[in-house]
Structure formats: structure tokens, C-alpha cells
Amino acid sequence: MNLKAMFFSMLLVSFNAWADIPRMKEGISDGILTSKGKAWLEMKDDDGFVYRYLPPWLGDGPSKGGGFEPSVLESINEIVVGNRVRIHWIWDGHFRVNKVNTLTPEEREGIFLGKMIEVGNHWVEVENPDERKPWRFYLRWIGGYPENGGGYDGKSREELLAKSDQPLIRFRWTYDVRPRFQELLSLDDQLEKMFYEGKEPIVQPKIQTDSPVVVPLLENPFDSAPAKKNPFDSAPAKKNPFDSVPAKKNPFDSVPVQ
């Protein structure tokens with residue numbers, strides 16, 4: 001056997017050994033919903049990896065009446081890109097989403113102190129101060145519809161880019177269909193020192209991320225609060241089963257997935 005044949009033989013053995021490694025067939029993942037289509041979702045998980053999820057397929061081929069699970073298609077249609085979500089998935093050669101829920105804040109506004117991860121064209125991602133999980137905040141919409149000159153606040157984006165080398169940023173936020181960035185606030189040396197020492201310098205907004213698997217379902221406190229309309233928004237998600245679970249001591253803490 002020549003060296004080339006030996007190399008490919010070793011490569012085949014290594015691949016077969018890798019293929020025999022057990023892999024997860026189902027699970028629950030949290031992350032930011034980055035995009036969606038009529039029959040798929042893309043989520044960037046808390047480790048920074050982006051995965052695409054399809055609905056389960058029911059029946060035979062399309063010509064014989066088969067198709068995607070209608071209830072999951074409805075959930076995909078209603079959920080809003082940019083929010084943190086929790087996806088219950090299975091693996092059958094594709095990632096399949098069995099259930100998806102929006103993880104919404106209990107408060108409608110607050111002050112956020114954290115580390116900036118990335119600035120997009122119309123959003124900023126920031127890690128929360130305790131669990132270091134990312135949240136995406138959309139910039140303010142200024143003006144009316146796009147055809148009338150409306151658009152995202154470019155000035156705020158420039159201010160954020162100017163802070164990209166800073167270890168921390170502090171800003172005011174609101175929640176209207178999705179989290180929204182409002183304005184940068186000053187961050188003095190004392191606040192930064194308290195942050196790194198693990199102390200809580202300010203009151204953080206309460207973000208509800210408790211798992212529906214281990215927490216009883218209660219009424220959603222957002223249901224009765226009218227949300228402002230934004231011309232680019234899709235329809236708000238239906239009632240979220242996690243929303244009204246009592247907040248824990250740390251407003252950003254979540255219950256570990258079982």
C-alpha cells in the first residue's frame with residue numbers, strides 16, 4: 001500500500017469512528033432569533049453559533065398530501081425576529097423545531113449595563129452583567145414609513161460604534177414588540193469598578209427566562225399593555241407561557257434547562 005492509499009484509509013477509519021460518536025437527538029436551546037422564513041427559523045444560540053430549524057414533516061411527499069406541521073408554521077409566522085427565544089428541537093437529519101417561545105421582559109423599560117458584542121446596521125447586541133447572555137436591542141425608529149423618510153436612528157449607531165472599544169456601556173432601553181435601544185448614558189469609573197467586583201450598581205430590568213418545563217404557567221403581564229406600532233414590525237407573538245413567572249433575585253437569571 002502506497003502512502004496516498006494509507007492516508008485515505010486512515011482518514012476513512014477516523015471518519016467512521018467520528019460517525020459512531022453518539023449525538024443528541026433532542027434538546028432545548030436559548031438564543032436570539034436572527035431571521036426567519038415561511039417554514040424555517042434561524043437562531044444564534046448563547047455560544048454564538050447560528051442554526052436553522054425546520055418544522056416537523058408530516059406524512060409522505062407533497063404530492064401525496066405531506067407537509068410541515070401547521071401549528072409550527074403558525075408559530076413561525078407570528079414570532080418576531082430580534083427577540084430572545086427558546087426552541088424545543090429534535091434532530092432527524094435536520095434540526096426540527098417542535099415549539100418556539102419568545103422570552104420577554106417583565107418590565108417595559110429600564111437601564112442596561114453590560115458588554116457590547118456587536119453593532120449591526122440597526123441593532124446592538126450586549127451581554128447581560130451576570131450570566132453574560134446576549135440580548136439584541138433595536139435602534140429607535142425615527143419618522144414614519146420608509147417611503148416617507150422614516151428609518152433607524154443612525155446617530156445612535158455612530159455613538160455605539162464610537163464606544164466599541166469600551167469594556168462596558170450603559171443605556172436606557174424599552175420593550176415594544178422587541179427590545180429597543182433608546183440612549184447611551186454616562187458610565188463613570190465607580191460604576192465600572194462595581195461591575196467587575198460583582199456588585200449591582202443600578203436596578204436592572206427584569207428579564208423573564210424561566211423554563212416552561214419546570215415552572216407553572218400564569219397570566220402574561222404584557223397582554224394588557226398596548227405596544228406602539230412600528231412600520232417594520234411583524235405581528236406580536238401570541239401569549240407567552242413564561243411571562244408572568246415571579247422574577248428571581250437576579251433580574252436576568254434564568255432557570256437552567258433540564
When rounded to the nearest 0.5 angstrom, what is the spacing between [atom1] in [X] and [atom2] in [Y]?
| X | Y | atom1 | atom2 | answer |
| --- | --- | --- | --- | --- |
| Glu159 | Leu139 | CD | CG | 10.0 Å |
| Tyr51 | Ser29 | OH | OG | 8.0 Å |
| Glu127 | Leu113 | CD | CG | 12.5 Å |
| Gln182 | Thr174 | CD | OG1 | 4.0 Å |
| Trp40 | Phe68 | CH2 | CZ | 12.0 Å |
| Ile169 | Lys163 | CD1 | NZ | 9.5 Å |

Return the minimal non-hydrogen interatomic distance between [X] and [Y], and the atom names on each side.
| X | Y | value |
| --- | --- | --- |
| Trp89 | Ile28 | NE1-N, 3.7 Å |
| Asn98 | Pro56 | OD1-CG, 3.4 Å |
| Ile76 | Pro55 | CD1-CG, 3.8 Å |
| Leu41 | Ile87 | CD1-CD1, 4.4 Å |
| Thr104 | Tyr175 | CG2-OH, 3.3 Å |
| Asn83 | Val177 | ND2-O, 3.0 Å |

Is a side-chain donor or acceptor of [X] paired with a backbone partner of [Y] at a separation under 3.5 angstrom?
| X | Y | result |
| --- | --- | --- |
| Arg170 | Ser186 | yes |
| Lys115 | Gln166 | no |
| Ser164 | Leu160 | no |

Practice item. Give the intermediate values and the outcome of side chain to side chain contact (heavy atoms under 4.5 Å, CB included) for residues Val100 and Arg86. Key: CA-CA 6 Å; Val100 56; Arg86 173 165 293 154; over 6 Å; no
Does any non-hydrogen side-chain atom of [Y] lie less than 4.5 Å from one of [X]?
| X | Y | value |
| --- | --- | --- |
| Pro70 | Leu58 | yes |
| Met43 | Val50 | no |
| Ile79 | Val85 | yes |
| Ser156 | Glu183 | no |
| Val97 | Val72 | yes |

Practice item. In plain terms, say whether Arg96 and Asp92 are close enough for a salt bridge, that is, a side-chain N and a carboxylate O under 4.0 Å apart. Key: yes
Check your understanding: Could Asp46 and Arg84 be called an ion pair, given the rule that one side-chain N must be under 4.0 Å from one carboxylate O?
Key -> yes
Exercise for review: Run the numbers on Asn128 and Trp135 for side chain to side chain contact (heavy atoms under 4.5 Å, CB included), then give the verdict.
Suggested key: CA-CA 7 Å; Asn128 74 21; Trp135 288 81; 4.0 Å; yes
Check your understanding: Centres of the Phe181 and Trp173 rings: under 6.0 Å?
Key -> no
Review point. Under 6.0 Å between ring centres, would you say that holds for Phe137 and Phe112?
Key: yes
Point to revise | Connected via hydrophobic side-chain network under 4.5 Å: Trp141 and Phe171 | key: yes
Point to revise | Joint hydrophobic cluster, Leu184 plus Leu161, side-chain heavy atoms closer than 4.5 Å | key: yes
Exercise for review: Under the side chain to side chain contact (heavy atoms under 4.5 Å, CB included) rule, what do Lys38 and Leu73 come out as? Steps first, then yes or no, please.
Suggested key: CA-CA 7 Å; Lys38 291 184 178 180; Leu73 288 175; 5.9 Å; no
Review point. Stepwise, does the side chain to side chain contact (heavy atoms under 4.5 Å, CB included) test hold for Asp45 with Asp30?
Key: CA-CA 6 Å; Asp45 67 18; Asp30 291 357; over 6 Å; no
Check your understanding: Could Arg178 and Tyr138 be counted as a cation-pi pair, given that NZ or CZ must be under 6.0 Å from the ring centre and within 45° of the axis?
Key -> yes
Table please: side-chain donor-acceptor pairs of residues 116-126 below 3.5 Å, with sequence neighbours left out.
{"from": "Glu125", "atom 1": "OE1", "to": "Lys44", "atom 2": "NZ", "distance (Å)": "2.8"}
{"from": "Glu125", "atom 1": "OE2", "to": "Lys44", "atom 2": "NZ", "distance (Å)": "3.3"}
{"from": "Glu125", "atom 1": "OE2", "to": "Arg136", "atom 2": "NE", "distance (Å)": "3.0"}
{"from": "Glu125", "atom 1": "OE2", "to": "Arg136", "atom 2": "NH2", "distance (Å)": "2.4"}

